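The structure appears right after this line, and notes come after that.
Note that the structure is predicted; figures quoted are calculated from it, not measured.
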Amino acid sequence: RAFWGWLNAVFNKVDHERIQAVGPDRAASEWLLRCGALVRYQGSPKWQQDYNGLPTGPLGKYKIEAIDATESCIMYRGFDYLDGLEHVTDIKLEKCMYIQDECLQRLSETSNLQKSLQQLKIISCGNVTDKGILALHKLTNLEYLYLSDLPGIREKETTFRALQQALPNLELELDLE
């Protein structure tokens with residue numbers, strides 16, 4: 001078990017030289033696919049899941065529009081890859097064992113995501129608490145938030161009221177016990 005944690009940490013190590021060399025979208029795609037997530041590019045209906053099948057072409061041609069991190073090993077230390085992404089409208093975090101409050105805080109403090117992110121789904125991420133959900137208030141263009149199976153959320157009413165107050169245009173869908 002410790003070995004896998006170590007390996008996943010290696011997969012999440014940010015290579016700033018790589019980001020400079022290939023651009024933020026390509027570098028983030030490599031990171032996400034290495035960790036088992038999927039990406040979808042602007043103008044494409046299909047999800048990219050094969051690391052070796054990443055599209056090539058001129059620098060900056062492929063812009064990440066959506067991320068599906070279901071059962072991936074993405075963790076906080078890799079979130080620097082998100083900084084340069086300007087076109088991400090949709091993120092799904094489902095059964096991500098390394099996603100915790102700090103990750104959601106980091107996500108909401110990423111200025112490009114504050115502008116672009118419209119939909120966020122957080123499902124079965126056991127380390128997410130009220131603190132992480134409250135941190136999402138900085139995602140000012142968020143239109144839809146789906147929360148399901150998050151046992152770490154204890155103060156449901158207070159948390160959701162505060163979030164709704166901070167983001168009045170947010171459609172909040174809850175499937176919590």
Review point. Once you round to the nearest 0.5 Å, how far does CD of Q105 lie from NE2 of H137?
Key: 9.0 Å
Point to revise | Worked check of side-chain contact (heavy atoms from CB on, under 4.5 Å) between L145 and L139 | key: CA-CA 11 Å; L145 176 62; L139 295 171; over 6 Å; no
Check your understanding: Under the salt bridge (Lys or Arg N to Asp or Glu O under 4.0 Å) test, which residues partner E30, sequence neighbours left out?
Key -> R18, R26
Practice item. For residues S72 and G36, report the shortest heavy-atom separation together with the two atoms involved. Key: CB-C, 3.8 Å
Practice item. Quick one: pull up NE2 in H87 and NZ in K115 and give me the separation to the nearest 0.5 Å. Key: 11.0 Å
**Study point:** Qualifying residues under salt bridge (Lys or Arg N to Asp or Glu O under 4.0 Å), relative to K92, sequence neighbours excluded
**Key:** E94
Point to revise | Test item: I67 and L82 side chains (from C-beta on) under 4.5 Å apart, heavy atoms | key: yes
Exercise for review: Output the rest of the hydrophobic cluster of W47: all Ile, Leu, Val, Met, Phe, Trp and Tyr residues reachable through side-chain heavy-atom contacts under 4.5 Å, sorted by chain and number.
Suggested key: L38
Point to revise | Exceeds 12 heavy-atom contacts within 6.0 angstrom, atom CD of Q42 | key: yes
Revision key, fill the gap. In short, side chain to side chain donor-acceptor pair (under 3.5 Å) pairs touching residues 154-167 with sequence neighbours left out are D130-T159
Review point. How about L104 and I122: do any of their side-chain heavy atoms sit closer than 4.5 Å?
Key: yes
Point to revise | Non-hydrogen side-chain atoms of Q48 and K46 separated by less than 4.5 Å | key: yes
Review point. L54, F11: one ILVMFWY side-chain cluster at the under-4.5 Å cut-off?
Key: no
Revision key, fill the gap. D68 meets the salt bridge (Lys or Arg N to Asp or Glu O under 4.0 Å) criterion, sequence neighbours left out, with none
Review point. Can you list the residues that meet the salt bridge (Lys or Arg N to Asp or Glu O under 4.0 Å) rule with K138, with sequence neighbours excluded?
Key: E109
Study note, to complete from the structure: To the nearest 0.5 Å, atom CG of L142 lies from atom CD of E171 at 10.5 Å
Check your understanding: What closest approach, in Å, do I64 and A28 show between heavy atoms, and which atom pair accounts for it?
Key -> CD1-CB, 3.9 Å
**Study point:** Side-chain touch L32/Y81, heavy atoms, less than 4.5 angstrom
**Key:** no
Exercise for review: Measure the shortest side-chain to side-chain distance between V88 and N112 over non-hydrogen atoms and say whether it is less than 4.5 angstrom.
Suggested key: no
Check your understanding: Which atoms form the tightest heavy-atom contact between V22 and A27, and what is the distance?
Key -> CG2-N, 3.8 Å
Practice item. Go through the structure and list residues passing side-chain hydrogen bond (donor to acceptor under 3.5 Å, both in side chains) with S108, not counting sequence neighbours. Key: none
Practice item. Quick one: list whatever passes side chain to side chain contact (heavy atoms under 4.5 Å, CB included) with D149, sequence neighbours left out. Key: S124, P151
Review point. What's the spacing between Q119 CD and N141 CG if we round to 0.5 Å?
Key: 13.0 Å
Revision key, fill the gap. Taken in chain and number order and not counting sequence neighbours, the residues that satisfy ring pair (Phe, Tyr, Trp, His ring centres under 6.0 Å) with Y62 are Y41
Point to revise | side chain to side chain contact (heavy atoms under 4.5 Å, CB included) partners of S148, counting only residues at least two apart | key: I123, Y146, D175
Check your understanding: Any chain of hydrophobic side-chain contacts (each under 4.5 Å) joining L163 to I153?
Key -> yes
Review point. Taking only residues two or more places apart in sequence or in another chain, which ones pass side chain to side chain contact (heavy atoms under 4.5 Å, CB included) with N52?
Key: D50
Point to revise | F79 and W31 aromatic ring geometry - parallel, tilted or perpendicular at 30°/60° bounds | key: perpendicular
Point to revise | Distance (rounded to the nearest 0.5 Å) between R34 CZ and S29 OG | key: 11.0 Å
Review point. Which residues pass the side chain to side chain contact (heavy atoms under 4.5 Å, CB included) test with Q118, sequence neighbours left out?
Key: T89, E143
**Study point:** Side-chain ion pair, K61 and D25, N-O less than 4.0 Å
**Key:** no
**Study point:** Distance, nearest 0.5 Å, that separates CG of L170 from OG1 of T140
**Key:** 11.5 Å
**Study point:** Transitive ILVMFWY side-chain link Y98 to I133, under 4.5 Å
**Key:** no
**Study point:** Min side-chain heavy-atom separation C73-N12 under 4.5 Å
**Key:** yes
Point to revise | Non-hydrogen side-chain atoms of L147 and L172 separated by less than 4.5 Å | key: yes
Revision key, fill the gap. In short, D101 meets K131 closest at the heavy-atom pair OD2-CB, 3.6 Å
Review point. Linking I/L/V/M/F/W/Y whenever any side-chain heavy atoms sit under 4.5 Å apart, do L150 and I99 land together?
Key: yes
Check your understanding: V39, I19: one ILVMFWY side-chain cluster at the under-4.5 Å cut-off?
Key -> yes
Practice item. Indicate whether the side chain of R106 and that of T110 have a donor and an acceptor atom separated by less than 3.5 Å. Key: yes
